[in-house]
Participant: 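Structure incoming, see below.
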Amino acid sequence: MIKHDLTVLLAEAARRAQAQGKLPHTALPEVLLEHPPRSEHGDYASSLPLKLSRAARMNPMAIAEAIASCLPPTDFLARAEAAPPGFINLNLKDQWLAKQVEDILDQGDNYGSISLGHGERVQVEFVSVNPTGPLHVGHGRGAVLGSTLARVLGIAGYEVQKEYYLNDAGNQIDSFYRTLYSRYCQALGQKMEVPADGYVGAYMVDLAREIVAEVADRFLSLPQVEATQELGQMGLKRIVDAIREDLERLGVTFDQWFSENSLYETGQFKESLGILREKGFVEERDGAIWFTSTALGEDKDNVIIRSNGSPTYFASDIAYHSNKFISRGFQRVINIWGADHMGHVSRMKAVVGALGVDPERLRVILVQMVALRRGKAVIKVSKRTGEMITLRELMDEVGVDACRFFFLARSADSQMDFDLALAKRHSAENPVYYVQYAHARIASILTLARERSLDCEQGDVSLLNHPAEMALVRKMLLLPELVETAALTLEPHHLTYYAQDLATTFHAFYKQCRVVSRYPRDLPLSQARLKLVAAAKVALANTLKLMGMTSPERM
RNA sequence: GCGCCCGUAGCGCAAUCGGAUAGCGCGUUGGCCUCCGAAGCCAAAGGUUGCGAGUUCGAAUCUCGCCGGGCGUACCA
């Protein structure tokens with residue numbers, strides 16, 4: 001990556017300046033490059049002189065000049081200038097930039113890949129919604145964020161495993177089973193109340209009807225406990241299948257669906273509890289088993305096994321994380337949770353530490369809530385009350401691509417207001433079409449060139465020097481840097497802004513530079529520009545692919 | 001009460017480490033299709049970055065105090 005080459009070059013120049021006595025021998029801070037907001041300030045700039053000024057007791061401008069004078073000539077750097085109050089501005093050579101077009105074409109689908117991760121094994125666990133009802137709009141946000149992040153980490157050189165943690169044990173499943181039983185009986189005309197803690201959503205009525213359609217009244221003759229259990233499992237499977245279907249439609253797939261229940265069946269839970277006990281973090285009190293997190297600086301202790309003998313959700317999570325880190329050996333684990341799980345974060349980190357794993361290896365991304373409105377009316381989303389807008393409805397309404405783009409365009413820590421009344425109208429104005437239009441436009445240029453039998457293999461990219469051409473190359477070269485940033489900060493929302501930027505730069509180029517010309521004298525330039533356009537298609541398509549969106553050839 | 005997140009143009013949101021004149025989309029106003037897609041381009045208007053102090057050569061960004069919104073603070077998940 002050119003940015004890294006420049007970073008190294010600058011650091012060397014600073015050391016050379018010290019060796020030559022132009023700079024005092026103070027410790028050098030890490031060299032950081034940025035893209036100046038104004039293009040006159042170069043392709044990259046460093047504020048190193050400003051940071052060095054105090055320790056070196058020198059005027060920052062003098063430092064900038066000293067370092068700039070020690071930069072060796074290279075085939076990519078056109079010039080380095082000291083700029084007030086003490087920046088070093090770096091400009092790339094047009095000829096070098098033009099040559100990158102061929103480099104991008106050579107890389108093709110791999111363009112954007114970097115080796116940041118060095119094959120480190122990372123798990124991204126996301127969605128993991130309780131399988132007690134359909135996915136709603138809010139879940140879509142975590143699904144899109146997680147799947148995009150997994151793609152970004154993959155292209156950044158990590159070995160990524162995507163996982164859905166299936167909460168198929170515990171209270172909520174029990175309640176789901178009992179609700180389903182009651183709805184099943186009702187569907188068959190029996191008098192039966194929905195449990196007080198049950199799921200009152202209409203989808204449970206539909207689910208019961210579906211099951212009746214399949215098995216009729218077979219379960220009525222069974223003892224209630226047995227019927228509830230069997231019926232529940234049937235219903236659970238249907239719900240999970242529906243969740244899986246919705247996610248697939250959204251472009252979200254998993255390498256593994258991990259069953260919470262299996263943690264108890266395989267003895268993983270006992271094992272991890274044993275580790276904690278051994279290390280002295282387990283205590284019995286008031287008839288319950290506690291994790292003594294206060295000993296690790298937490299505000300309070302947490303119950304692992306209730307006094308009635310049933311394990312808590314936290315208990316499962318202890319075993320689950322032990323499984324992730326110790327049994328399966330992931331070097332890093334990224335959990336994407338809703339903001340309502342915030343209270344869970346620090347105790348999970350404490351548990352991971354207690355298990356003997358560096359808590360830094362666990363990263364939790366909290367996705368802020370999606371507040372639903374219909375016009376001015378706030379819709380309270382709750383599976384309990386059953387009022388919700390499903391993800392499926394949203395996808396029907398605005399389409400998958402717009403859906404993904406919309407969720408992705410906001411950073412995880414900003415709350416989102418989703419107005420359904422405006423959803424459809426907004427989808428037509430969504431920047432997603434702006435980006436995809438650029439791709440379709442490129443495709444049609446390339447088609448036209450093919451129809452006119454233009455051989456762009458012959459194109460000589462050194463003919464490229466128009467400012468709009470150079471701007472487009474520069475923008476394309478940002479993709480690997482963007483991947484790096486997104487992978488390091490775990491913030492894939494930057495992709496949406498980059499995609500728009502790239503599209504804008506392309507549209508501007510298109511307006512200013514004729515690609516396919518009717519005049520024979522333009523042939524060499526046409527061929528060169530076709531290469532540029534083909535490279536732009538690669539960059540744009542790869543960006544869209546990272547976001548899980550389609551790259552239409554026409555629209 | 002305490003803890004975490006957020007507050008940026010009319011609306012929705014960006015701003016990679018503290019960097020140079022804070023950007024993008026929608027909306028508003030005006031212009032641009034006689035060789036490649038106007039779902040486009042160009043231009044204009046629109047900001048005391050919630051308020052007030054502090055640190056710094058430099059603050060949307062860091063610190064402190066207020067104000068407003070969200071979430072958490074269960075033997076729920």
Side-chain angles (χ1 to χ4, degrees), chain A residues 29-30 32-38 40-41 45-47 50-51 53-54 60 83-87 89 130 132 167 170-173 197 285-290 299-300 302-308 310-314 316-317 338-346 366 368-369 371 406 409-417 419 422 425-426 428-438 440-449 452 481-482 484-486 488-489 491 493-494 496-497 500-501 503-504 506-508 510-519 522 526 529-530 533 554-555:
Chain A
E30 189 192 354
L32 294 166
L33 291 180
E34 61 189 87
H35 292 283
R38 299 176 64 79
E40 310 90 273
H41 293 144
S46 174
S47 57
L50 287 161
K51 297 195 164 79
S53 169
R54 187 188 295 263
F87 292 97
N89 294 336
N130 284 342
T132 51
N167 298 111
N171 287 340
Q172 80 286 346
I173 284 294
D197 64 343
R285 198 192 314 148
D286 309 326
I289 310 282
W290 297 72
D299 290 344
K300 54 186 182 52
N302 294 97
V303 172
I304 301 173
I305 301 177
R306 301 182 185 90
S307 48
N308 70 8
S310 69
T312 61
Y313 169 84
F314 182 51
S316 302
D317 254 355
D340 54 339
H341 283 60
M342 208 198 66
H344 200 51
V345 177
S346 68
L366 291 176
Q368 293 300 313
M369 300 284 108
F406 185 84
R410 287 150 177 78
S411 83
D413 48 20
S414 78
Q415 288 155 223
M416 215 169 116
D417 234 22
D419 187 345
L422 292 177
R425 189 163 71 76
H426 275 175
E429 297 157 357
N430 201 299
V432 65
Y433 297 110
Y434 178 80
V435 176
Q436 291 182 323
Y437 181 72
R441 204 177 217 184
I442 290 172
S444 95
I445 294 171
L446 295 176
T447 304
L448 181 69
R452 302 222 183 145
E481 289 180 26
L482 183 82
E484 183 178 63
T485 302
L488 288 174
T489 59
E491 291 176 347
H493 69 270
H494 298 291
T496 60
Y497 293 91
Q500 288 178 78
D501 247 21
T504 297
F506 176 78
H507 286 310
Y510 174 85
K511 195 71 186 175
Q512 294 174 64
C513 299
R514 183 82 208 175
V515 180
V516 177
S517 166
R518 65 153 82 111
Y519 307 111
D522 291 335
S526 273
R529 283 181 172 166
L530 279 166
V533 169
R554 66 184 67 84
M555 37 194 303

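In what follows, chains are A, B, ... by sequence order, proteins preceding strands, each numbered from 1. In this text the structure is predicted, and so the values were computed from the model without any measurement.
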Participant: Please answer whether A14(B) and His494(A) are stacked, defined here as ring centres separated by less than 5.5 Å and planes angled under 30°.
Facilitator: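 It does not: the two rings, one from His494(A) and one from A14(B), miss the stacking criterion.
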Participant: Hey, does Gln436(A) reach any base, or is it just sugar-phosphate, or nothing, if we go heavy atoms under 4.0 Å?
Facilitator: nothing
Participant: Quick one: the side chain of Ser414(A) and the base of C13(B), do they pair up donor-acceptor inside 3.5 Å?
Facilitator: no
Participant: Could you tell me how far apart Ile305(A) (CD1) and A74(B) (P) are, to the nearest whole angstrom?
Facilitator: 20 Å
Participant: Relative to the 5' end of RNA chain B, which residue comes earlier, Glu40(A) or Ser307(A), by the nucleotide with the nearest heavy atom?
Facilitator: Glu40(A)
Participant: In whole Å, I'd like the distance from the CG atom of Asp413(A) to the C1' atom of A15(B).
Facilitator: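 From Asp413(A) CG to A15(B) C1': 13 Å.
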Participant: When rounded to the nearest Å, what value does the distance between C1' atoms of G31(B) and C11(B) take?
Facilitator: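 That atom pair is separated by 26 Å.
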Participant: Given 3.5 Å as the limit, does a donor-acceptor pair link the side chain of Ser526(A) with the main chain of Val515(A), or not?
Facilitator: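 Checking the backbone N and O of Val515(A) against the side chain of Ser526(A), a donor-acceptor pair under 3.5 Å is found.
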Participant: With a 3.5 angstrom cut-off on both distances, give the Watson-Crick or G-U wobble partner of G10(B), or none if there isn't one.
Facilitator: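 Partner of G10(B): C26(B).
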Participant: Which whole number of Å gives the distance between the P atom of G25(B) and that of G69(B)?
Facilitator: 32 Å
Participant: Applying the 5.5 Å / 30° rule, does Tyr510(A) stack onto the base of C36(B)?
Facilitator: yes
Participant: Would you mind pulling out the nucleotide paired to C51(B), Watson-Crick or G-U wobble, both distances under 3.5 Å?
Facilitator: G65(B)
Participant: Spell out, as yes or no, whether a donor-acceptor pair under 3.5 Å connects the side chain of Ser47(A) to the backbone of Phe87(A).
Facilitator: no
Participant: What nucleic acid atoms does Ala449(A) come within less than 4.0 Å of, heavy atoms only: base, sugar-phosphate, or nothing?
Facilitator: nothing
Participant: What is the glycosidic conformation of C36(B): syn, defined as within 90° of 0, or anti?
Facilitator: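 C36(B): anti glycosidic orientation.
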Participant: Examine A77(B): is either OP1 or OP2 under 4.0 Å from a nitrogen or oxygen in the side chain of Asn171(A)? Give yes or no.
Facilitator: yes
Participant: Would C13(B) be called syn or anti here, given the cut-off of 90° from 0?
Facilitator: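 Anti, since the glycosidic angle lies more than 90° from 0.
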Participant: I'd like the C1' distance from A38(B) over to A22(B), given in whole Å.
Facilitator: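 Comparing C1' positions in A22(B) and A38(B) gives a spacing of 31 Å.
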Participant: Can you check the distance between G23(B) and U48(B), where both ends of the measurement are the P atom (answer in whole Å)?
Facilitator: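 Here G23(B) and U48(B) have their P atoms 15 Å from each other.
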Participant: Does the base of A20(B) carry an N or O that pairs as donor and acceptor with the side chain of Asn89(A) under 3.5 Å?
Facilitator: yes
Participant: Measure from the side-chain heavy atoms of Tyr497(A) and tell me the nearest of A14(B), A77(B), C36(B).
Facilitator: A14(B)
Participant: Of the listed nucleotides (C71(B), C75(B), A20(B)), which one gets closest to any side-chain atom of Glu34(A)?
Facilitator: A20(B)
Participant: Which is true for His507(A) with a 4.0 Å heavy-atom rule: it touches a base, it touches only sugar-phosphate, or it touches nothing?
Facilitator: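 His507(A): backbone/sugar contact only, no base atoms under 4.0 Å.
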Participant: Provide, to the nearest angstrom, the distance between the CZ atom belonging to Arg54(A) and the P atom belonging to G18(B).
Facilitator: 16 Å
Participant: If each of Gln500(A) and Ser411(A) is mapped to the nucleotide of RNA chain B with the nearest heavy atom, which maps nearer the 5' terminus, i.e. the 5' end?
Facilitator: Ser411(A)
Participant: From C-beta outward on Ser517(A), which listed nucleotide comes closest to its side chain: C35(B), C57(B), A20(B)?
Facilitator: C35(B)
Participant: Roughly how many Å apart are A14(B) and U61(B), using the C1' atom of each and rounding to a whole number?
Facilitator: 13 Å
Participant: Round to the nearest Å and state the distance from Lys511(A) atom NZ to C32(B) atom C1'.
Facilitator: 6 Å
Participant: Any side-chain N or O of Arg441(A) under 4.0 Å from OP1/OP2 of G37(B)?
Facilitator: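 The answer is no; no side-chain N or O of Arg441(A) sits under 4.0 Å from OP1 or OP2.
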Participant: If I pick the C1' atom on G52(B) and the same atom on C67(B), what distance separates them, to the nearest angstrom?
Facilitator: 11 Å
Participant: If you draw the axis of the six-membered ring of Phe506(A), does the NZ or CZ of Arg441(A) fall within 45° of it and under 6.0 Å from the ring centre?
Facilitator: no
Participant: Choosing from C57(B), C36(B), C35(B), which nucleotide comes nearest the side chain of Leu50(A)?
Facilitator: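 When the side chain of Leu50(A) is considered, C57(B) is the closest of C57(B), C36(B), C35(B).
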Participant: Kindly say if Tyr434(A) contacts the phosphate of C41(B), meaning a side-chain N or O under 4.0 Å from OP1 or OP2.
Facilitator: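 Checking C41(B) against Tyr434(A), a side-chain N or O does come within under 4.0 Å of OP1 or OP2.
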Participant: Which base, if any, makes a Watson-Crick or G-U wobble pair with C41(B), both distances under 3.5 Å?
Facilitator: G31(B)
Participant: Base, sugar-phosphate, or nothing for Asp501(A), non-hydrogen atoms under 4.0 angstrom?
Facilitator: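 It contacts nothing in the nucleic acid.
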Participant: Between Thr447(A) and Arg554(A), is there a side-chain heavy-atom distance shorter than 4.5 Å?
Facilitator: no
Participant: Determine, answering yes or no, if Tyr437(A) is stacked on G40(B) under the 5.5 Å centre rule and the 30° plane rule.
Facilitator: no
Participant: Touch check for Leu33(A), heavy atoms < 4.0 angstrom, all strands: base, sugar-phosphate only, or nothing?
Facilitator: base
Participant: From CG of Leu448(A) over to C1' of C35(B), roughly how many Å is that when rounded to an integer?
Facilitator: 9 Å
Participant: Taking the side chain as C-beta and beyond, is there a heavy-atom pair between Tyr510(A) and Ile442(A) under 4.5 Å?
Facilitator: no
Participant: Atom NE2 of His35(A) and atom P of G23(B): how far apart are they, to the nearest Å?
Facilitator: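 Between P of G23(B) and NE2 of His35(A): 16 Å.
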Participant: If you only use heavy atoms from C-beta on, which nucleotide in U21(B), G12(B), C36(B) is closest to the side chain of Ser444(A)?
Facilitator: C36(B)
Participant: Which part of the nucleic acid, if any, lies within contact of Ala438(A), taking any heavy atom under 4.0 Å across all strands shown: a base, the sugar-phosphate backbone alone, or nothing?
Facilitator: nothing
Participant: Once you apply the 3.5 Å cut-off to both distances, tell me the Watson-Crick or G-U wobble partner of G72(B), or none.
Facilitator: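 Pairing partner, where one exists within any strand: C2(B).
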Participant: Ignoring hydrogens and angles, tell me if any N or O in the side chain of Asn130(A) forms a donor-acceptor pair with the backbone of Thr132(A) under 3.5 Å.
Facilitator: no
Participant: When you get a sec, tell me which of A14(B), A74(B), C75(B) is the closest nucleotide to the side chain of Lys300(A)?
Facilitator: A74(B)
Participant: Rounded to whole Å, please give me the gap between CE in Met342(A) and P in G3(B).
Facilitator: 11 Å
Participant: What interatomic distance, in whole Å, is found between P of G46(B) and the corresponding atom of C41(B)?
Facilitator: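 Pairwise P distance, C41(B) against G46(B), rounds to 23 Å.
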Participant: In the structure shown, which nucleotide is the Watson-Crick or G-U wobble counterpart of C17(B), with both distances under 3.5 Å?
Facilitator: none
Participant: Check this one for me: any side-chain N or O of His493(A) less than 4.0 Å away from OP1 or OP2 of A15(B)?
Facilitator: yes
Participant: Return the nearest nucleotide to the side chain of Phe87(A); candidates are C13(B), A20(B), C35(B).
Facilitator: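 The closest nucleotide is A20(B).
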Participant: Side-chain N or O of Arg410(A) less than 4.0 angstrom from OP1 or OP2 on C13(B)?
Facilitator: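 The answer is yes; a side-chain N or O of Arg410(A) sits under 4.0 Å from OP1 or OP2.
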Participant: Would you say the side-chain atoms of Arg514(A) pair up with the backbone N or O of Val516(A), donor to acceptor, closer than 3.5 Å?
Facilitator: yes
Participant: Closer than 3.5 angstrom, by distance alone: can the side chain of Asp286(A) be matched with the main-chain N or O of Ala288(A) as a donor-acceptor pair?
Facilitator: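 No, the answer is negative, given that no donor and acceptor are paired below the 3.5 Å cut-off.
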Participant: Over 60° means perpendicular and under 30° means parallel, so tell me whether His344(A) and Tyr313(A) are parallel, tilted or perpendicular.
Facilitator: tilted
Participant: Can you tell me the distance, in whole Å, between the CG atom of Leu366(A) and the C1' atom of G70(B)?
Facilitator: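 Nearest whole value for this atom pair: 13 Å.
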Participant: Need the pair for A60(B). Rule: Watson-Crick or G-U wobble, both distances under 3.5 Å, any strand; none if unpaired.
Facilitator: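 Across all strands, not a single nucleotide pairs with A60(B).
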Participant: When you compare the side chain of Gln368(A) with that of Arg410(A), does any pair of heavy atoms fall below 4.5 Å?
Facilitator: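 A side-chain contact is absent here, since even the closest heavy-atom pair is not under 4.5 Å.
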Participant: Determine the interatomic distance between P on A20(B) and the same-named atom on G58(B); round to the nearest Å.
Facilitator: 14 Å
Participant: Scan Ala339(A) against the nucleic acid and name what it touches under 4.0 Å (heavy atoms): base, sugar-phosphate only, or nothing.
Facilitator: sugar-phosphate
